[in-house]
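Here's the structure we're looking at; comments come further down.
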Amino acid sequence: NFSFTLLFCFTAVGVLLALHTVSSNRLVCHMTNWAQYRPSIAKFTPDNIDPFLCTHVIYTMATINSFNQISPVEWNDEQQYNRLNSLKNVNPALKTLLSVGGTVNGMSPFIAMVTKSESRAAFIKSAISFLHTHNFDGLNLAWEYPGHNGGSQEDKERFTLLVMELSKAFEADAKENRKTKLLLSANVAALRPTIDKAYEVSKISLYLDFINVMSYDYHGDWEAATGHNSPLYRSSVDSGSHIHHNINSSVSHWLAQGAPAEKLLLGFPTYGRTYRLRSIATGLGALANGPADAGPYTRTAGFWAYYEICDFISSATVSWISEQEVPYATFGSSWVGYDDKKSYSSKVQWMTANNLGGAHVWSMDMDDFDGSFCSAGAYPLINHLRMSMGFPPKPTTTPSPTTTRDAVVDFCRGRPDGLYENSADKTTYFQCFLGNTYLHRCQPGLIYWDSCKCCNWP
Ligand SMILES: *[C@@H]1O[C@H](CO)[C@@H](O)[C@H](O)[C@H]1NC(C)=O
């Protein structure tokens, strides 16, 4: 009877785990190639990425040139692609995608490219070869948005054609070159009128591997009253179309239009949006007049990175908007609506209850990525997200019985990247990467040989 109960427990846990892994199992993190220009400790490059933190990293941003070919933007992009993709030597399960989008002379470069089937074909051909050359696993489309900002009505159908043709070409490429099929994803709008004008939702959903709903920027300093950047639900101060400026409304709409839940990723911002208060009122819906001062590191008025918010809330008054399950903070005439561990937990609960495919984070470089500001370790928000989603602990520095923990942790300090023998236990070996130590185990029966840098028979 006891063993039956035990078996039943294991089965129940197994089923729960299986259910869990089929739904919210993607943690996609965006990084931006302009974060390298932030000053001092806020400077961010692929070398700041923890290779075990996210399941996918999206490198933002590449563009499209006048020959309809995908092309880099920054002087050092190709060097940075190499740094990013070398993280896969440390974590072979990590997937990387290159994001294409932005604007050229104020217009999306997609607008001209999608007009003709020949120019789409040129883009697709260039993208496949570029992704393979630089060892990316896929492409992310970041067009804000088809049919908007100078585009035409036909963009909606042309975007569908682009997505379909990309997917077919990726399939043909995989067969021809005996490679894993390249991934295809897109960053998409969150507001209902924009969604309706930009996408044939059920059609594009067939061809995209996952869909990054940009569930943030719902409110900001362009409005005359305070509102939250990324609320989970509507608030009682919302009226008119503002009742739809929240996650629950956006994702419901994507689902109602025919997107499968398991392809939708919920957007988690690592930043907040700021206002300058106009009166003594400090709550949600208080009168405001433009943004608070720019942050000292992001240096753009209107938003603050989470690490800048950590500094701010050390002296500010923090409040919780219980209707919307998100916090805001105010000090003097500055007001910021942001996300913290608690709001991330609420959103994860909502995300898993709705069987979404997972999370995407905008962006890695705005979390406290090296732990300098928030006294909560490196990547406090994304690590919390990872843990809340039920991912197993990261496989770094596993102590082995014959080696003390400190010796393992310190092994790679000052050593060049590469593989090393573990003299205390030949069935394991060390991999050093950027001074961090990773302990790997050979297949059963094999031991590590430094002569071939491989595991082989004793
Ligand atoms: C969430 O969205 C659904 C579908 O639109 C709606 O029925 C429900 O009332 C919303 N929940 C809240 C708390 O606003």
Side-chain angles (χ1 to χ4, degrees), residues 19-20 22-26 28 145 148 156 186-205 208 210-220 223 225-269 272-273 275 283-286 318-328 335-362 384-385 388-390:
L19 283 177
H20 184 85
V22 293
S23 61
S24 304
N25 59 359
R26 290 192 195 88
V28 175
Y145 308 93
H148 293 76
K156 182 173 175 169
N187 293 355
V188 298
L191 297 182
R192 291 176 177 220
T194 315
I195 298 166
D196 294 344
K197 197 170 163 192
Y199 313 111
E200 298 182 288
V201 171
S202 56
K203 289 190 188 168
I204 61 171
S205 298
L208 294 168
F210 52 91
I211 299 169
N212 307 315
V213 182
M214 293 189 280
S215 46
Y216 33 72
D217 301 335
Y218 286 108
H219 296 281
E223 294 169 348
T226 59
H228 197 278
N229 178 47
S230 181
L232 188 45
Y233 301 109
R234 63 176 283 194
S235 126
S236 49
V237 309
D238 290 333
S239 61
S241 63
H242 275 179
I243 65 169
H244 292 303
H245 286 219
N246 59 75
I247 289 170
N248 184 54
S249 176
S250 294
V251 177
S252 300
H253 195 61
W254 272 97
L255 292 169
Q257 298 306 304
E262 69 271 13
K263 286 195 178 181
L264 292 179
L265 304 191
L266 186 60
F268 285 72
R273 288 205 162 270
Y275 296 84
L284 195 67
V318 174
S319 306
W320 181 254
I321 309 168
S322 46
E323 286 179 320
Q324 306 196 291
E325 302 201 28
V326 280
Y328 68 91
W335 194 100
V336 62
Y338 64 103
D339 275 85
D340 61 5
K341 290 182 185 176
K342 190 176 167 193
S343 66
Y344 267 35
S345 293
S346 297
K347 289 175 180 183
V348 167
Q349 215 166 45
W350 187 91
M351 174 179 93
T352 41
N354 285 277
N355 297 311
L356 300 193
H360 75 104
V361 182
W362 186 273
H384 181 78
L385 177 58
S388 309
M389 288 174 70

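Every value quoted in this text rests on a predicted model; they were computed, and no experiment measured them. Atoms within a ligand are numbered from 1 in the order they appear, just like the ligands themselves.
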Exercise for the section: Starting from atom 4 (C) of ligand 1, find the nearest protein heavy-atom neighbour and note its residue, name and distance. Expected result: Ser252 OG, 3.5 Å
Handout entry: Side-chain H-bond candidate by donor/acceptor type, Ser388 with Lys347, under 3.5 Å
Key = no
Exercise for the section: Anything under 30° is parallel, anything over 60° is perpendicular, the rest tilted; go ahead and classify Tyr328 against Trp335. Expected result: parallel
Practice task
Determine if the distance from atom 11 (N) of ligand 1 to the closest protein heavy atom is below 4.0 Å.
Solution key: yes
Problem - Tyr338, Tyr216, Tyr218 screened by side-chain contact (heavy atoms from CB on, under 4.5 Å) with Asn229, the one that passes - result: Tyr216
Problem - Residues in ring pair (Phe, Tyr, Trp, His ring centres under 6.0 Å) contact with His244, at least two apart in sequence or another chain - result: none
Completion exercise
Within 4.0 Å of some non-hydrogen atom of Asn248, the atoms of ligand 1 are 1 (C), 2 (O), 3 (C), 8 (C), 10 (C), 11 (N), 12 (C), 14 (O)
Fill in the blank from the handout: among protein heavy atoms, the one nearest atom 13 (C) of ligand 1 is Tyr233 CD2, 3.3 Å
